[in-house]
Amino acid sequence: MSEDKPEKQPVSAIKGTHDILPKEARDWQRVEAVAKATFELYGYREIRTPVFEATELFEKSTGQTTDIVQKEMYTFTDKGGRSITLRPEYTPSVARAIIEHRLDLLPEPMRYYFIGPMFRFDKPQKGRFRQFHQVDIEVFGENDPAIDAEIIEMANHLLKKLKVTETAVLVNSVGCRNCRPAYLKDLRAAAAAVEASLCPDCQRKAETNPLRIFDCKIEACREIARGFPEITTYLDADCAEHFRKFRSYLDLYGIPHRIEPRLVRGIDYYTKTTFEITTAKLGAQNSILGGGRYDDMMKDFGGPDISATGFAMGVERLLSVAELEPASDDFIYLAYMGNEAKKEALLLARFLRSHGVECLLEFKERGLKSQLGRASKLGASWALIIGEEEVGKGRYQLKNMKEGTQIEAGKQDLLEILGRSDH
RNA sequence: GUGAGUGUAGCUCAACUGGUUAGAGCAGCGGACUGUGGAUCCGCAGGUUGGGGGUUCGAGACCCCUCACUCACCCCA
């Protein structure tokens, strides 16, 4: 309302968020469509939950000690004084919905998928954003390690459809509440014993998160870490058997995989199976998909004691490595000259659209030449020329923009030629 | 939160050791061709060089501050 000159750039998108422009949105739509079709093929059904939840939900499930909860959540107090958090991940919401609606009592298999935005207050970098999107799938009530293998096979199937190559499947077992504590204790002790010979980074990790030493990029640290105890030797009978079978099913599918003792997934609720699929083409944030089993979450919530497993896939990361065929537009550009022709064009466009033909007409004062130039530039398959003469006889000049050929066609001819008369 | 790098037109980039009016290609619009696109040629429009301060006769360039973006640590999708 002021008399001042308008700001050059009044506002811009919040740090770590991005507009998805029409050209990119095409690719998003296709990835989403392929993902949905794939999951439906495996018997999964979509479930949608709100973008925000009670803060407590994430504190209880994701874990008080995790980075996600400690420093990455968008948490605020609403006008009713409640603490609200924009979801940083999807799994807790699904678990909550199942308990709330007693979905576990329904006959349908509890296999769900979801696509939508997540929010984490991270410092943005390549492949990492504050608002990002995940494709998420979860299975509840299946204890068999075969399902852990099947969801990886399903992920592989999807990646293959999207022509994502150079991927690696990393797997691990983090044990359970019986066997993990002893392992962590011994690992910490082992790291403390050699602390002096580790790099400064790893010296810190020895205190905070010794599992991460396995992941150091400095060869000396990696060498030392090879001597550390591995979780796999600490697994109790049940977990060890689960892990063994899980891998044998992956072998059955012929899916190569590597055991990665570092794979803990930074989230408290995982039990037994954890896995990741990485790609060499992504930079430091090279994980396009990660997940695992979380058998304790439901009962910890005060819900039924049912097991669960699933994964989340980063859509931005997926898009940056997927090889999608360039989208081809197929529409007809209506070029008109004069007011009578304009009216004719409006009605013709309505007619064609009602038969499923995509039409574009623009309302600027342009000559025929300029309009055809537009049609060409915008990638129209056809141009329809409507002038006084054409209005008079009810037949129009239909030009094939690729071939450069042109014929005269009436209303009905158009439908047949454009090949959409069955719509 | 820590560290490094980069900011010039819508996009990609020029502008010598500081020198006069900051240029080009692409994209946009118009014309050559007033009813026939893509090629070519010509023209038009587009900038407070991210912002602020300083040094200097003179700053896009050098110094300081700030903001933004990028990459990395951490963590994760």
Side-chain angles (χ1 to χ4, degrees), chain A residues 5 7-9 11-16 18 21 62 65-72 87-91 115-136 155 199-202 204-205 208-209 211-212 215-218 262-267 274 276-279 282-291 310-321 333 335-338 341 364-390 396-406:
Chain A
K5 268 188 282 185
E7 298 282 330
K8 191 183 178 189
Q9 180 81 39
V11 280
S12 52
I14 299 294
K15 182 201 281 283
H18 293 286
L21 303 176
T62 309
T65 63
T66 60
D67 274 18
I68 290 177
V69 169
Q70 283 191 348
K71 47 187 193 188
E72 294 175 9
R87 62 180 175 219
E89 57 156 345
Y90 200 61
T91 308
I115 302 176
M118 305 291 158
F119 307 86
R120 291 184 199 170
F121 193 77
D122 244 339
K123 190 151 177 177
Q125 69 183 68
K126 189 181 179 72
R128 199 176 70 186
F129 316 101
R130 288 185 173 176
Q131 176 178 318
F132 61 101
H133 298 75
Q134 286 188 338
V135 166
D136 196 276
C199 74
D201 241 19
C202 287
R204 190 169 38 76
K205 290 179 194 168
T208 58
N209 191 352
L211 281 154
R212 286 286 160 194
D215 198 26
C216 186
K217 293 180 175 68
I218 294 163
R262 73 176 178 87
L263 251 191
V264 293
R265 313 228 22 83
I267 293 176
T274 59
E276 236 177 62
I277 296 183
T278 61
T279 168
L282 212 51
Q285 311 302 324
N286 65 352
S287 164
I288 56 180
L289 169 165
F311 66 74
M313 192 177 245
V315 181
E316 285 85 354
R317 291 182 188 180
L318 191 57
L319 276 164
S320 71
V321 296
Y333 189 100
Y336 57 86
M337 281 153 294
K364 299 234 165 57
E365 289 294 324
R366 283 193 235 258
L368 176 62
K369 182 183 180 47
S370 174
Q371 293 188 71
L372 285 175
R374 292 282 299 164
S376 173
K377 190 165 302 177
L378 299 177
S381 311
W382 304 89
L384 191 69
I385 298 163
I386 309 161
E388 261 177 52
E389 207 178 300
E390 285 78 7
Y396 318 97
Q397 293 298 320
L398 178 67
K399 180 158 192 170
N400 180 322
M401 297 302 284
K402 306 264 166 359
E403 308 297 327
T405 55
Q406 185 169 317

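Residue-level contact check: A:K399 touches the bases, meaning some heavy atom is under 4.0 Å from a base atom. If you check every strand for non-hydrogen atoms under 4.0 Å, A:Q406 touches a base. Using a 4.0 Å heavy-atom distance criterion, A:A312 is classed as a sugar-phosphate-only contact. Backbone-only contact: A:G373 has heavy atoms under 4.0 Å from sugar-phosphate atoms and none from a base. Using a 4.0 Å heavy-atom cutoff across all strands shown, A:F311 reaches no nucleic acid atom at all. Within 4.0 Å of A:L368, counting heavy atoms only, lies at least one base atom of the nucleic acid. Residue A:E390 is in base contact, counting any heavy-atom pair closer than 4.0 Å across all strands shown. If you check every strand for non-hydrogen atoms under 4.0 Å, A:E388 touches a base.
Residue A:K15 has no polar side-chain atom (N or O) positioned under 4.0 Å from OP1 or OP2 of B:C67. Checking the phosphate oxygens (OP1, OP2) of B:C29, a side-chain nitrogen or oxygen of A:R366 falls inside 4.0 Å. Residue A:Q125 places no side-chain N or O under 4.0 Å from the OP1 or OP2 atom of B:C71. For the pair A:K369 and B:G37, the criterion of a side-chain N or O lying under 4.0 Å from OP1 or OP2 is met. The shortest distance between the side-chain N/O atoms of A:R374 and the OP1/OP2 oxygens of B:C29 is below 4.0 Å.
Base pairing of B:A59 is not made with any nucleotide, judged by Watson-Crick or G-U wobble geometry with both donor-acceptor distances under 3.5 Å. When both pairing distances are held under 3.5 Å, B:A15 makes no Watson-Crick or G-U pair with any nucleotide shown. Judged by Watson-Crick or G-U wobble contacts below 3.5 Å, the nucleotide B:U6 has B:A68 as its partner. Judged by Watson-Crick or G-U wobble contacts below 3.5 Å, the nucleotide B:C73 has B:G1 as its partner. Partner assigned to B:A22 is none, using Watson-Crick or G-U wobble distances below 3.5 angstrom. Base pairing annotation: B:U49 forms no Watson-Crick or G-U wobble pair, as no partner gives both donor-acceptor distances under 3.5 Å. Using Watson-Crick or G-U wobble geometry with both donor-acceptor distances under 3.5 Å, B:A27 finds no partner in any strand shown. Across the strands present, B:U34 finds no partner; the criterion is a Watson-Crick or G-U wobble pair with both atom distances under 3.5 angstrom.
Projected onto RNA chain B by closest heavy-atom contact, A:R317 and A:H18 fall at different nucleotides, the more 5' of which corresponds to A:H18. Nucleotides of RNA chain B nearest to A:K126 and A:D122 differ in position, and the one nearer the 5' end is that of A:K126.
B:G60 and B:A9: their P atoms are spaced 14 Å apart (whole Å). If you take atom C1' in B:G53 and the same atom in B:U48, they sit 16 Å apart, rounded to whole Å. Look at the P atom in both B:A15 and B:G23: the space between them is 14 Å, to the nearest Å. Going from the P atom of B:G50 to that of B:A72 covers 25 Å, rounded to whole Å. Between the C1' atoms of B:U17 and B:U21, the separation comes to 23 Å (whole Å). Only the C1' atoms considered, B:G30 is 10 Å distant from B:A45, to the nearest whole Å. Spacing of P atoms, B:C62 relative to B:U2, comes out at 26 Å, to the nearest Å. Across B:U40 and B:U56, the matching C1' atoms stand 49 Å from one another, rounded to whole Å.
Contact annotation: side chain of A:R128 to base of B:C75, donor-acceptor pair present below 3.5 Å. Under 3.5 Å, the side chain of A:K71 and the base of B:G1 form no donor-acceptor pair of N or O atoms. Side-chain atoms of A:E89 stay outside donor-acceptor range of the base of B:C76, with no qualifying N/O pair under 3.5 Å.
Between A:F132 atom CZ and B:C75 atom C1' the separation is 11 Å, expressed in whole Å. Atom-to-atom, CG of A:L282 to C1' of B:C76 comes out at 12 Å; the value is rounded to the nearest Å. For the pair A:K123 NZ and B:A72 C1', the interatomic distance rounds to 10 Å; values are reported in whole Å. Between the CD atom of A:Q285 and the P atom of B:U70 there is a distance of 13 Å, given to the nearest Å. Put simply, CG on A:D67 is 16 Å from P on B:U2, counting in whole angstrom units. Straight-line distance from the CD atom of A:E72 to the P atom of B:C75: 10 Å, rounded to whole Å. Whole-Å rounding puts the A:L372 CG to B:G30 C1' distance at 17 Å. Atom CZ of A:F119 and atom C1' of B:C76 are 16 Å apart (whole Å).
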task = Using the side-chain contact (heavy atoms from CB on, under 4.5 Å) rule, take A:H133 and A:I115 through it: C-alpha gap first, then chi angles, then the decisive distance, then the call.
result = CA-CA 7 Å; A:H133 298 75; A:I115 302 176; 5.7 Å; no
request  = Apply side-chain contact (heavy atoms from CB on, under 4.5 Å) to the pair A:N400 and A:W382, showing each step before the final yes or no.
outcome  = CA-CA 5 Å; A:N400 180 322; A:W382 304 89; 3.8 Å; yes
query = Can you list the steps and then say if A:R130 with A:F121 is a side-chain contact (heavy atoms from CB on, under 4.5 Å)?
reply = CA-CA 5 Å; A:R130 288 185 173 176; A:F121 193 77; 3.3 Å; yes
ask   = A:K123 and A:K15: side-chain contact (heavy atoms from CB on, under 4.5 Å), yes or no, with the steps?
value = CA-CA 9 Å; A:K123 190 151 177 177; A:K15 182 201 281 283; 5.9 Å; no
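Listed here is the closest heavy atom pair of A:R317 and A:S287: NH1-O, 2.7 Å. Across all non-hydrogen atoms, the minimal contact from A:R120 to A:F132 is NE-CZ, 3.7 Å.
Comparing B:U70, B:U36, B:G35 by their nearest atom to the side chain of A:E389 picks out B:G35.
Of the inter-residue distances, the one linking A:I386 atom CD1 with A:Q397 atom CD reads 11.0 Å to the nearest 0.5 angstrom.
Annotation for A:E388: atom CD does not count as buried by contact number, only 12 or fewer foreign heavy atoms lying within 6.0 Å. Shown here is A:L21, whose CG atom has more than 12 heavy atoms of other residues, nucleotides or ligands within 6.0 Å.
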